Peer 1: 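The structure that follows is given in the form of structure tokens.
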Amino acid sequence: MKKIIFFITLLLIPFCCFAEEIDINVNNTDEVIRTIDEIYNSREPGKYNIRFSENTVDVNRVNEYYKNKYITDININTYKYKDYAFIQPIRFPLILNDNSFYLDNLNKKITKEEEEKLEKFSEQFLPLFKGKSDYEKIYMAYSYISSNAIYQSEGVFENLIDAYVSAYDALIEHKTVCIGSATAFSYLMDKLGIESYIVDQIGGYDETNRTYYSLHTYNIVKLDNKWYIVDIKYGNDMSGLLISNKNYKNDKYNYDIVVSDEDYNRPEFNYSFDNVNIINDSDKKNKMDNTKDESIYYVVLVLVLIIIFLVIILFTRKKKNK
């Protein structure tokens, strides 16, 4: 029994380990500011305490610097994808404790490797749009994301780093939430030369810290000199394509751009992604992992059947002996 408890304890150890807070000691205001920049630019996720001695740091100056550089104002709710996907505008406030600033850098850029994979994907994918009209390009981009990206519904916003919010997540990993889909769509529109923006539906605003949270994220796109809403649905549901302001029925946003009051007439046309072999490293890895998972499944199944068989034999022998 003790051995069983010991092994169970070993199995539970990984689930009981949490990331520790990292303490950084500084001597003055400039070092605090420099440290904040280093934390964001290091791309190392974590919780940081920037500690200093009493009366050595100008707290107001640090707060002002952080707000100006790392906090997004509610009045700015329309973004290009580069401002949104590569550096998240959903900023957490800098918290002042006793002689320390607490910083949680969940606002993380995608890595250089991810950027390179995204560009490689674009080189393979964009030739499909050659010779198409702007409407067809918008339709195809929406359709591809809707059909291939799977919405992740469980606990993703507990950690924005793993929250599937970038174009890389939607187009390469095929895992997304609304922010990731909007980012991926805007990324493709930029590549195709079609003007589009990402819009946040504001859910709440902290005036003191100038921070907000978003209830939903979607796009607006320019087509035939009019602006339309593109709110990507999943499973090849095209109902969110080129919707008017009037029919979207959502008044918790504030546009700098006037959106059309009539939906765009969406004629169907023939197109296909089937004959194009766009397999990236992530896809290959996932397929290999799935194959491994299936192999493990069959091994476990065989072992279980063997154990059941042995138990039956032992039971039968005992019965005969009686």
Side-chain angles (χ1 to χ4, degrees), residues 16-112 114-115 155-166 177 179-180 183 197-217 252-254 256:
C16 301
C17 297
F18 299 92
E20 295 181 0
E21 292 182 3
I22 300 166
D23 288 335
I24 302 174
N25 295 311
V26 297
N27 298 312
N28 54 53
T29 305
D30 289 335
E31 283 190 22
V32 173
I33 290 172
R34 191 160 55 246
T35 300
I36 290 170
D37 289 338
E38 286 173 358
I39 288 170
Y40 275 110
N41 293 329
S42 71
R43 303 184 180 187
E44 291 296 330
K47 303 175 189 296
Y48 296 86
N49 280 309
I50 306 171
R51 300 190 180 280
F52 51 89
S53 299
E54 195 169 354
N55 299 323
T56 60
V57 169
D58 184 341
V59 171
N60 292 330
R61 183 182 156 201
V62 172
N63 277 326
E64 192 63 26
Y65 177 83
Y66 185 81
K67 286 178 181 179
N68 289 336
K69 188 164 183 180
Y70 294 107
I71 297 292
T72 302
D73 195 290
I74 192 171
N75 294 319
I76 308 169
N77 70 335
T78 305
Y79 306 91
K80 294 297 285 183
Y81 79 91
K82 285 181 180 175
D83 298 325
Y84 196 99
F86 294 109
I87 305 176
Q88 296 303 325
I90 304 172
R91 299 295 186 189
F92 297 100
L94 191 64
I95 299 170
L96 177 64
N97 297 317
D98 292 335
N99 295 331
S100 74
F101 285 106
Y102 174 78
L103 175 62
D104 191 341
N105 71 331
L106 292 182
N107 320 69
K108 185 190 172 196
K109 296 180 181 180
I110 68 171
T111 66
K112 188 67 177 174
E114 288 171 343
E115 287 183 40
V156 291
F157 291 109
E158 293 171 7
N159 177 358
L160 287 179
I161 291 171
D162 299 321
Y164 313 109
V165 293
S166 73
V177 290
I179 302 174
T183 299
Y197 296 92
I198 296 169
V199 179
D200 271 339
Q201 179 190 334
I202 306 302
Y205 177 49
D206 181 340
E207 290 186 13
T208 304
N209 294 301
R210 291 171 56 208
T211 57
Y212 71 87
Y213 69 88
S214 170
L215 290 175
H216 186 48
T217 307
K252 292 183 180 179
Y253 49 73
N254 112 53
D256 294 327

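What you see is a predicted model, and the numbers here were worked out from it, not measured in a lab. In this chain, numbering begins with 1 at the start of the sequence shown.
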Peer 1: Going by salt bridge (charged side-chain N to carboxylate O under 4.0 Å, His left out), name the residues that satisfy it together with Arg34, two or more places apart in sequence or in a different chain.
Peer 2: none

Peer 1: To the nearest 0.5 Å, what is the distance between CG (Asn99) and CG (Asn25)?
Peer 2: 11.5 Å

Peer 1: Taking the side chain as every heavy atom from C-beta outward, state whether Tyr66 and Leu103 have any atom pair closer than 4.5 Å.
Peer 2: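 Contact flag for Tyr66/Leu103 side chains = yes.
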
Peer 1: From Ile50 CD1 over to Ile36 CD1, what is the distance, rounded to the nearest 0.5 angstrom?
Peer 2: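 Reported to 0.5 Å precision, the distance equals 4.5 Å.
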
Peer 1: Check Asn27, Val62, Leu96 against Val57 for a side-chain contact (heavy atoms from CB on, under 4.5 Å) and give me the one that passes.
Peer 2: Val62

Peer 1: Under the side-chain contact (heavy atoms from CB on, under 4.5 Å) rule, collect the residues that match up with Thr56, sequence neighbours excluded.
Peer 2: Phe52, Ser53

Peer 1: Under the side-chain contact (heavy atoms from CB on, under 4.5 Å) rule, collect the residues that match up with Asp58, sequence neighbours excluded.
Peer 2: Thr29, Asn60, Arg61

Peer 1: Could you give the distance from CD1 (Ile24) to CD1 (Ile39), rounded to the nearest 0.5 Å?
Peer 2: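 Separation between the atoms: 4.0 Å.
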
Peer 1: Return the set of residues passing side-chain contact (heavy atoms from CB on, under 4.5 Å) with Ser100 (not counting sequence neighbours), or none when no residue passes.
Peer 2: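 Testing Ser100 for side-chain contact (heavy atoms from CB on, under 4.5 Å), a comparison that skips the adjacent residues, returns Asn49, Arg51, Asn97.
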
Peer 1: Working to the nearest 0.5 Å, report the span between CD1 of Ile95 and CG of Asn63.
Peer 2: 11.0 Å

